[in-house]
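Please read the structure below before turning to the comments.
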Amino acid sequence: MKAIVCVKQVPDTSGVVAVKEDGTMDRAAMATITNHDDLAAVEAALRIKDATGCKVVVVSMGPPPAEGMLRELLAMGCDEAVLVSAREFGGSDTYATSQILAAAIKKIGVEEDDVIFCGRQAIDGDTAQVGPQIAEKLHVPQVSYVAEITVEGKSVTVKRLLEDGYMTIKVATPCLLTCVKELNPARYMSVGGIMECYQKPLEVYNYETLKDDPLIDVDTIGLKGSPTNVYKSFSPPVKGAGMMLEGADKAAVDKLVGLLDEKHII
Ligand SMILES: Cc1cc2nc3c(=O)[nH]c(=O)nc-3n(C[C@H](O)[C@H](O)[C@H](O)COP(=O)(O)OP(=O)(O)OC[C@H]3O[C@@H](n4cnc5c(N)ncnc54)[C@H](O)[C@@H]3O)c2cc1C
């Protein structure tokens, strides 16, 4: 088997979020990181590699600097990397992004016992749509919100997180799993891994590489092929000053409950 992991490079929204004058996010001014859920997916794939010796291929669609992130993943133990990058792919919404990533995964090759991994959600776009859309386009079964994985030959048993518990699902391979960051903490790059990562294969798939796939069409990729377009983006209004209630007696509690009730919070 092999594991194919989709990984997105995202701006680090936990630090200072830079906003341009027009209100859009200034991505160039922010540090970039590997999306948290995707790191959990990479770790899950590497644990399967530790147990079975399978190959792990990481794939990312993004601008050329995303190569740095892919090299780090190779230094963690992944075997091969694919960077999907072309001007024609820019401006893609989730529909177009999943068209392109599905075509790239087909090019990598999906065999009977392969497992494709995605994160549950990217911290910038935040839609959680790309993984399930890739599965649809590859016609493979999918399980989202995966928190535990056991691979047994041509089936995978997973624990799927629900709001108030979890369910256990057995799914046939090839399949796609979207992983939550709670799945497992990602390992660090090793010194040996850093030394080796530039010898490992990193291929770039551009428009020429993928253009013959039926999923790649001017009407299904890039800005023109995106059924949705961002019409306007803006920063949410800053919350007003908080209110401090004095005292720790019943009167103060009644006042607090009254205020929360007034605002329909309780
Ligand atoms: C309405 C709309 C319009 C948009 N228009 C534009 C636009 O004009 N220009 C623009 O640049 N962006 C645009 N975007 C953003 C773009 O669609 C997203 O960056 C992209 O589709 C990924 O979606 P997401 O960030 O919500 O990922 P999610 O669906 O939350 O990601 C889930 C998982 O899918 C995988 N994944 C997602 N994206 C990638 C990737 N690039 N490479 C590898 N794996 C990936 C990862 O495993 C990730 O954890 C638009 C988004 C929307 C919703």
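We use all heavy atoms of the structure for the numbers below, so side chains are in, but hydrogens, waters and symmetry mates are not. Remember, it's 1-based here, ligands and their atoms both numbered in the order they're listed.
Of the protein's heavy atoms, Leu101 CD1, 3.7 Å lies nearest to atom 45 (C) of ligand 1. Of the protein's heavy atoms, Met61 N, 2.9 Å lies nearest to atom 42 (N) of ligand 1. Summary of contacts: the protein heavy atom closest to atom 31 (O) of ligand 1 is Ala122 N, 3.5 Å. Protein heavy atom in closest approach to atom 4 (C) of ligand 1: Val230 CG2, 3.7 Å. The nearest heavy-atom contact from the protein to atom 35 (C) of ligand 1 is Val130 CG1, 4.0 Å. Residue, atom and distance of the protein heavy atom nearest to atom 25 (O) of ligand 1 are Lys8 NZ, 2.6 Å. Ranking the protein heavy atoms by distance from atom 9 (N) of ligand 1 puts Gly91 CA, 3.2 Å first. Looking from atom 2 (C) of ligand 1 to the surrounding protein, the closest heavy atom is Thr228 OG1, 3.6 Å.
Annotation for ligand 1: atoms under 4.0 Å from non-hydrogen atoms of Thr97 are 20 (C), 21 (O). Shown in contact with Cys6 at under 4.0 Å from a heavy atom are these atoms of ligand 1, numbered in order with element: 44 (N), 46 (C), 47 (O). Shown in contact with Asp124 at under 4.0 Å from a heavy atom are these atoms of ligand 1, numbered in order with element: 25 (O). Within the listing of ligand 1, atoms 8 (O) sit less than 4.0 angstrom from a heavy atom of Leu223. Interface atoms of ligand 1 facing Gly125, defined by a heavy-atom separation under 4.0 Å, are 24 (P), 25 (O), 26 (O). Remark: ligand 1 atoms within the under-4.0 Å shell around heavy atoms of Asn35 are 49 (O). The ligand atoms of ligand 1 that sit less than 4.0 angstrom from a heavy atom of Arg120 are 32 (C). The atoms of ligand 1 that sit less than 4.0 Å from any heavy atom of Val7 are 42 (N), 43 (C), 44 (N).
Residue Gly119 has at least one N or O atom closer than 3.5 Å to an N or O atom of ligand 1. At least one N or O atom of Gln129, backbone or side chain, sits closer than 3.5 Å to an N or O atom of ligand 1.
Remark: the backbone N or O of Cys78 is paired with a side-chain donor or acceptor of Lys200 at under 3.5 angstrom. Asn206 places no side-chain N or O within donor-acceptor distance of the main-chain N or O of Ala86, the cut-off being under 3.5 Å. Formation of a donor-acceptor pair under 3.5 Å by the Thr178 side chain with backbone atoms of Tyr145 is found in this model. Lys55 contributes no side-chain N or O that, together with a main-chain N or O of Glu80, makes up a donor-acceptor pair within less than 3.5 Å. Between the Gln121 side chain and the Asp126 main chain, a donor and an acceptor come within less than 3.5 Å of each other. Between the side chain of Asp113 and the main chain of Thr173, no donor-acceptor pair closer than 3.5 Å is present. Between the side chain of Asn229 and the backbone N or O of Tyr231 there is no donor-acceptor pair closer than 3.5 Å.
Counting heavy atoms closer than 4.0 Å to ligand 1, residue Ser92 contributes backbone atoms (N, CA, C, O) but none from C-beta onward.
Atom OG1 of Thr34 and atom NZ of Lys8 lie 12.5 Å apart (nearest 0.5 Å). Rounded to the nearest 0.5 angstrom, Phe117 CZ and Ile4 CD1 are separated by 10.5 Å. Between the NZ atom in Lys159 and the OG1 atom in Thr157 there is a gap of 13.0 Å [rounded to 0.5 Å]. Atom CD1 of residue Ile149 and atom SG of residue Cys179 lie 4.5 Å apart, to the nearest 0.5 angstrom.
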Between Asp213 and Lys137, is a salt bridge (Lys or Arg N to Asp or Glu O under 4.0 Å) present by the stated rule, with each step listed?
CA-CA 12 Å; Asp213 190 291; Lys137 283 154 192 177; over 6 Å; no
Working note: Lys49 + Asp79, criterion salt bridge (Lys or Arg N to Asp or Glu O under 4.0 Å); need CA distance, chi angles, decisive distance, verdict.
CA-CA 10 Å; Lys49 176 182 169 177; Asp79 300 288; 2.8 Å; yes
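The heavy atom nearest to atom 26 (O) of ligand 1, considering only Thr127, Leu176, Val5, is found in Thr127. The closest heavy-atom contact to atom 46 (C) of ligand 1, among the options Asp93, Val82, Asp38, comes from Asp38.
Ser226 does not count as a contact of ligand 1, since none of its heavy atoms falls under 4.0 Å from the ligand.
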